[in-house]
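After the structure tokens below, expect a handful of questions from me.
The first residue in the sequence is number 1, and the count goes up from there.
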Amino acid sequence: MLDLEKLRGILKRVGEEIGDLSKEKKVAIASHPSADLDSISSALALSLLIKSRSNTIPCYISSGGFDTLAKRVYEDAVSKGYMGDCPANLQSNWILLVVDTPCRRASAECSSFDAVYVIDHHMSSGEEPRYPGIVYPEASSTTELCTLMLEETSTDIPDPQLANKILAGILYDTRTLTLASIIAIEATRYLMRWGARIGEALHLIRRSPGVDERIARLKAMSRVMIYRSGEILLCITHVGAYEASAAQILIGGGCDLAIVISEKDGETRVVGRCSEEFCREAGLGDMILDDLVKIYGGGWGGHRLAAVASVKASYEELLKKIPLLLGRKLGVEFMLLEK
């Protein structure tokens with residue numbers, strides 16, 4: 001574990017390298033599929049760094065999609081000229097910044113870029129080439145690392161609303177600072193100097209769902225299949241939209257692990273949420289998503305308690321396979337409860 005002074009030194013060096021490269025090459029940013037608020041807030045912070053150094057706007061590779069909260073922040077950043085959509089085929093003379101995920105789970109092929117930097121707070125498994133940047137598991141979010149990079153490179157935040165959107169990424173991943181590291185507290189302090197306010201940032205997270213989202217939640221609850229093993233409750237359902245919102249509602253309703261499946265455009269999305277207690281020792285990747293990707297192909301991204309996979313399998317196939325795989329992992333047998 002690095003002390004804070006050494007961490008700040010690394011973030012300053014990495015930020016200056018990225019800023020210098022942005023004067024020579026175009027910059028693309030990518031994260032994991034179904035990018036969340038931590039991903040987009042990190043990208044927004046990096047876009048401010050790049051714009052201040054080279055007066056250019058980075059593009060974001062959005063092919064992996066967004067969750068509901070992240071999409072709103074991303075679309076606002078694009079409309080105000082802080083980021084843009086990447087073209088379909090990136091040519092040479094581009095660098096890639098990967099945030100909130102390792103390269104192997106990013107919505108981009110890292111090997112096709114002239115240079116790659118990875119900024120993440122998840123433990124690297126060592127399965128990929130080491131790219132420059134920083135992977136720091138002691139951080140509670142990627143956004144806090146990118147925020148301290150702004151501070152160490154003396155990058156201004158020109159609008160308090162931008163500071164609020166960046167702060168929202170920290171609040172999102174730290175459960176409103178209840179899981180915050182000292183780095184998150186330092187980053188929050190810095191953002192508040194530029195006009196961010198915790199109450200306003202929380203408003204970006206604690207929104208009232210629209211009628212379509214409420215309908216999706218109700219459909220998910222009406223279709224849920226509940227599997228039990230002892231005190232463990234596994235819930236699996238399917239909807240056409242708002243999968244993450246539906247999964248979170250199921251967790252709030254008492255499920256230990258909630259899986260929400262949707263089939264769109266020839267691919268099947270598997271959105272997972274789990275309770276803090278159930279995933280205390282192992283996250284969603286180790287629990288189930290790694291196994292699904294190995295069997296059906298595709299990829300996954302996300303965190304210990306919230307993640308999404310894209311696989312080539314039907315809902316019916318996954319409904320059979322997930323309880324078996326999870327039971328095998330835990331050494332238990334799941335039984336379907338009658339409705």
Side-chain angles (χ1 to χ4, degrees), residues 1-18 29-32 35-46 49 97-106 116-153 155 166-193 196 198 201 205 274-287 289-290 300-307:
M1 179 177 177
L2 296 171
D3 63 39
L4 189 57
E5 184 177 352
K6 288 183 179 178
L7 175 64
R8 284 180 174 276
I10 293 172
L11 291 170
K12 178 179 176 65
R13 174 180 57 77
V14 172
E16 289 175 345
E17 288 179 12
I18 290 171
I29 305 175
S31 185
H32 53 77
D36 59 18
L37 202 52
D38 186 29
S39 303
I40 298 305
S41 295
S42 298
L44 179 57
L46 291 176
L49 170 63
L97 309 181
V98 178
V99 295
D100 201 32
T101 188
C103 261
R104 68 185 182 281
R105 296 182 190 147
V116 177
Y117 283 80
V118 176
I119 304 167
D120 192 12
H121 73 115
H122 302 101
M123 181 66 73
S124 177
S125 67
E127 296 175 2
E128 61 177 314
R130 291 185 63 86
Y131 292 100
I134 183 165
V135 178
Y136 193 67
E138 284 77 13
S140 47
S141 68
T142 301
T143 303
E144 66 204 54
L145 296 172
C146 294
T147 299
L148 289 191
M149 190 179 292
L150 294 182
E151 182 175 21
E152 291 306 313
T153 55
T155 301
I166 296 171
L167 178 56
I170 297 174
L171 298 180
Y172 177 85
D173 247 30
T174 63
R175 296 194 175 185
T176 61
L177 298 180
T178 58
L179 303 177
S181 66
I182 184 62
I183 310 160
I185 301 302
E186 288 285 297
T188 299
R189 172 197 57 78
Y190 178 70
L191 291 167
M192 293 182 73
R193 282 175 47 197
I198 290 177
I205 301 173
C274 68
S275 68
E276 178 73 39
E277 183 177 354
F278 183 67
C279 284
R280 189 178 303 278
E281 300 299 328
L284 284 163
D286 293 331
M287 283 280 189
L289 298 185
D290 273 335
W300 74 272
H303 305 275
R304 183 169 58 92
L305 305 180

- Item | Ionic contact status for Arg304 with Glu276, cut-off 4.0 Å | yes
- Message: Looking at every heavy atom in both Tyr117 and Glu17, which two are closest together, and how far apart are they?
- Response: OH-OE1, 2.7 Å
- For the residue pair Ser31 and Thr101, what are the closest heavy atoms and their distance? C-CG2, 3.6 Å
- Minimal heavy-atom distance between Cys103 and Tyr131, with the atoms involved, is SG-CE1, 3.5 Å
- Query: Taking C-beta and beyond as the side chain, do Met149 and Leu46 meet within less than 4.5 Å on heavy atoms?
  - Reply: yes
- Ala201 versus Leu171, closest heavy-atom pair with distance: CB-CD1, 3.6 Å
- Query: Do Ile119 and Leu97 come within less than 4.5 Å of each other through their side chains, counting heavy atoms only?
  - Reply: no
- Separation between CD1 (Ile134) and CZ (Arg13), nearest 0.5 Å, reads 8.5 Å
- Item | Partners meeting side-chain contact (heavy atoms from CB on, under 4.5 Å) with Glu152 (sequence neighbours left out) | Arg8, Lys12
- Residue of the set Asp36, Ile40, Leu145, Val118 for which side chain to side chain contact (heavy atoms under 4.5 Å, CB included) holds with Asp100: Asp36
- If you look at every heavy atom in Cys279 and Leu284, which pair is closest and at what distance? SG-N, 4.4 Å
- Could you pull out the closest heavy-atom pair between Asp290 and Trp300, with the gap in Å? OD1-NE1, 2.7 Å
- List in chain and number order the residues that pass side-chain contact (heavy atoms from CB on, under 4.5 Å) with Ala196, two or more places apart in sequence or in another chain; answer none if no residue qualifies. Ala163, Asn164, Leu167, Leu191
- Task: For Ser41, check side-chain contact (heavy atoms from CB on, under 4.5 Å) against everything at least two apart and list the hits.
- Result: Leu37, Thr143
For a quick test of your reading: what N or O donor-acceptor pairs under 3.5 Å do the side chains of residues 176-185 make, sequence neighbours left out?
unit_1	atom_1	unit_2	atom_2	d
Thr178	OG1	Thr174	O	3.3
Thr178	OG1	Arg175	O	2.7
Ser181	OG	Ser140	OG	3.4
Ser181	OG	Glu144	OE2	2.6
Ser181	OG	Ile183	N	3.3
Ser181	OG	Ala184	N	3.2

- Query: Hey, are Ser42 and Thr142 close enough side-chain-wise for a donor-acceptor pair under 3.5 Å?
  - Reply: no
- What distance separates Cys146 SG from Ile29 CD1, expressed to the nearest 0.5 Å? 8.5 Å
- Item | Asp173: partners by side-chain hydrogen bond (donor to acceptor under 3.5 Å, both in side chains), with sequence neighbours left out | His121
- Across all chains, not counting sequence neighbours, the salt bridge (charged side-chain N to carboxylate O under 4.0 Å, His left out) partners of Arg280 are none
